[in-house]
Amino acid sequence: MQRLLLGAFRLLLGLYPSVYRAEFADEMVFVYEQVLLRAARRGRFELLVESCHEFYNLPGVILRLHAGQIPEAIRRLARHGPVWIAAWLTSLPPTDRDGRTSWKQALLELLVFAIIGGILLMELYLRQSPAGWENPMFRIATYLIAAGLLPVGILQGMPRWAYPVVGLIIGYSAASAVNSSFTVLYIFFLAAAIVLVIAAARLPLRTGAVQDERLQRMGAGLSAGSERLAFGVYGLLPHLLVVAYDHSYLPGQTPAVLVSVTFMLLGALVFSRSHNKLLSLGALVGGLTFSLFAAFTELLYLRGGLWQNDLVWMLGLWLAPLTLLLIATRLSPHPLSLTREEKGGMQI
Amino acid sequence: MSEPNWLSSILPLREPTFFILLALAPDSKKASNGNHGYAIMQEVEALSGGKVRLSTGTLYEALARLLEQGLVERLEDGSSNEGDRIYPGKPRKVYRLSRRGWRVLEAETKRMEALVAAAQLRLKEQS
């Protein structure tokens with residue numbers, strides 16, 4: 001009985017704040033054992049009373065101790081928060097080129113889709129606003145992603161999570177450049193992409209002729225081949241959904257938007273956590289197909305049937321990125337791709 | 001004379017806190033200066049006539065707070081727990097009232113004396 005109670009007490013100590021536990025846990029177990037010994041000498045009833053007394057008080061104590069840590073945590077966050085975030089973003093673990101990434105990487109890989117997906121849900125369901133290029137939320141979000149994530153991605157040597165960021169920006173720029181004044185932005189990103197591709201092709205990584213480590217990492221990131229490029233193409237999807245639901249004219253009246261966003265996120269999640277190359281590419285194709293077709297069902301529901309123009313438009317919207325994605329998967333890895341040993345400490 | 005700011009922010013003490021400080025106050029009958037956790041529990045129970053029974057969690061919550069406020073000092077006892085089957089060989093910790101803690105205890109006692117004196121005065125007038 002005493003051992004059982006002591007075990008339960010030890011277990012509950014695990015719920016204490018770690019700093020406090022490190023400082024007092026040993027002593028507390030020792031003292032509680034003394035308490036149990038004394039109570040046991042007085043009889044079973046006393047042991048029961050003592051246990052109830054202890055375990056009745058413990059949850060309150062634990063809650064108070066955790067609550068006491070909150071102001072300090074807030075103070076520390078306010079003081080060091082930006083530094084922590086910057087450190088977290090710039091200390092990513094190396095990513096396996098064709099393998100499963102860490103959860104930290106996966107979180108970043110899902111970020112672009114989660115941001116635009118979240119805005120899509122909010123705008124169409126909560127605010128009942130139309131999706132589309134006139135909606136400033138998508139523009140602001142894209143600019144923030146471009147300004148916040150892209151520089152970090154470039155500094156990190158274009159890790160896999162940076163590819164959908166580029167895809168999103170290129171997709172947005174290309175689509176909006178047609179009927180807006182963002183052509184300059186589009187040209188800028190296109191030029192930047194061309195420069196990076198040329199740099200990737202020219203960088204002799206094996207010979208070590210380029211001394212700058214950041215340039216080497218950038219080249220290694222760009223030479224990663226089909227899988228990353230396919231993920232980059234998948235980065236177009238959030239804005240394809242914006243276009244698709246814009247074409248539906250009315251704010252989301254069916255669960256289709258939720259289904260689309262779910263499939264988009266699911267595709268990205270399976271891709272980022274998958275070991276298997278075929279499965280990860282299948283996830284991208286599946287995510288693209290199902291999320292776009294959910295948007296088409298909304299159009300079908302609103303129009304009460306399909307018109308020929310709609311059918312052509314829908315198939316075009318689906319087939320164009322699908323073709324790009326399949327082309328990307330057919331590209332062989334860059335000849336300069338590094339082996340695991342060669343990668344060494346390179347964070348790519 | 002008015003109390004310093006830090007003192008007025010601590011007073012009044014809660015009953016268990018007061019008894020913990022009192023249990024740590026030097027006692028002429030005791031040879032050693034300072035108490036172990038379990039001894040504090042027993043002393044509090046004895047001083048309060050069995051009315052205040054601290055649980056282990058409550059005791060250490062209070063001790064952590066008192067340490068942070070600088071009212072109590074934590075020292076390593078010279079003896080180690082040789083033969084202790086839970087933590088053999090680990091030095092035990094003892095707690096001792098700090099100078100600051102002593103001032104708080106005195107101030108709290110005076111505060112309570114003033115309360116009792118006021119109450120007695122009123123009760124005498126009534127009777």
Side-chain angles (χ1 to χ4, degrees), chain A residues 2-42 45-72 75, chain B residues 9-10 14-17 19-20 23-24 34-46 48 50-77 79-96:
Chain A
Q2 284 176 60
R3 290 179 75 174
L4 194 74
L5 288 167
L6 200 63
F9 184 76
R10 275 204 178 109
L11 212 65
L12 280 170
L13 278 180
L15 298 174
Y16 273 69
S18 56
V19 180
Y20 184 91
R21 201 168 53 231
E23 190 77 19
F24 297 108
D26 286 357
E27 267 182 85
M28 288 178 75
V29 173
F30 177 73
V31 169
Y32 187 58
E33 198 194 26
Q34 302 296 310
V35 170
L36 287 178
L37 281 172
R38 184 181 70 164
R41 276 199 295 270
R42 291 179 182 172
F45 180 71
E46 184 67 22
L47 190 64
L48 193 71
V49 170
E50 199 58 63
S51 316
C52 289
H53 179 55
E54 190 65 51
F55 288 106
Y56 175 75
N57 280 319
L58 217 50
V61 171
I62 292 167
L63 280 177
R64 279 197 298 276
L65 287 171
H66 278 289
Q69 305 240 310
I70 292 171
E72 180 55 28
R75 266 198 298 276
Chain B
S9 69
I10 291 172
R14 286 171 59 226
E15 201 177 8
T17 313
F19 277 115
I20 290 170
L24 293 173
N35 268 336
H36 299 285
Y38 182 61
I40 298 171
M41 281 173 103
Q42 287 182 311
E43 190 98 5
V44 166
E45 199 172 334
S48 66
K51 282 182 186 167
V52 178
R53 278 182 78 181
L54 296 172
S55 68
T56 316
T58 317
L59 170 70
Y60 277 90
E61 182 194 10
L63 283 175
R65 196 181 59 248
L66 293 172
L67 279 168
E68 201 180 298
Q69 290 171 333
L71 307 187
V72 160
E73 288 165 353
R74 191 174 188 227
L75 308 164
E76 279 192 5
D77 191 359
S79 65
S80 69
N81 298 359
E82 294 303 343
D84 180 350
R85 65 187 173 80
I86 306 178
Y87 303 108
K90 275 202 169 183
R92 285 180 179 169
K93 301 278 196 274
V94 290
Y95 296 87
R96 185 174 77 177

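Below, chain A is the first sequence line, B the second, and so on; all start at residue 1. Bear in mind the structure is a predicted one, so any value in this text is a computation, not a measurement.
Inter-residue side-chain proximity for A:Glu23 and B:Tyr60 is flagged as unmet; no heavy-atom pair is nearer than 4.5 Å. The closest side-chain heavy-atom distance from B:Tyr38 to A:Phe30 is not below 4.5 Å. Counting heavy atoms from C-beta on, the side chains of A:Glu50 and B:Arg53 come closer than 4.5 Å.
Under the 3.5 Å distance criterion, the side-chain polar atoms of A:Glu27 are left unmatched by any main-chain donor or acceptor of B:Gly37.
Residue B:Arg74 touches chain A through its side chain alone, counting heavy-atom pairs closer than 4.5 Å.
Residue-level contacts of residues 56-66 of chain A with chain B, in order of numbering, are A:Asn57, A:Leu58, A:Val61, A:Arg64, A:Leu65; threshold 4.5 Å between heavy atoms.
By the neighbour-count criterion of 12 heavy atoms within 6.0 Å, atom CD of A:Glu46 is densely surrounded, having more than that number from other residues, nucleotides or ligands.
Closest heavy-atom contact between B:Gly57 and A:Glu54: N-OE2, 3.0 Å. The two residues B:Ala64 and A:Tyr20 have their closest heavy-atom pair at CB-CE1, 3.5 Å.
For the atom pair OG1 (B:Thr56) and NE2 (A:His53), the distance works out to 8.0 Å, reported to the nearest 0.5 Å.
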Problem - A:Phe24 vs B:Leu67, side chain to side chain contact (heavy atoms under 4.5 Å, CB included): CA-CA, chis, key distance, verdict - result: CA-CA 12 Å; A:Phe24 297 108; B:Leu67 279 168; 3.7 Å; yes
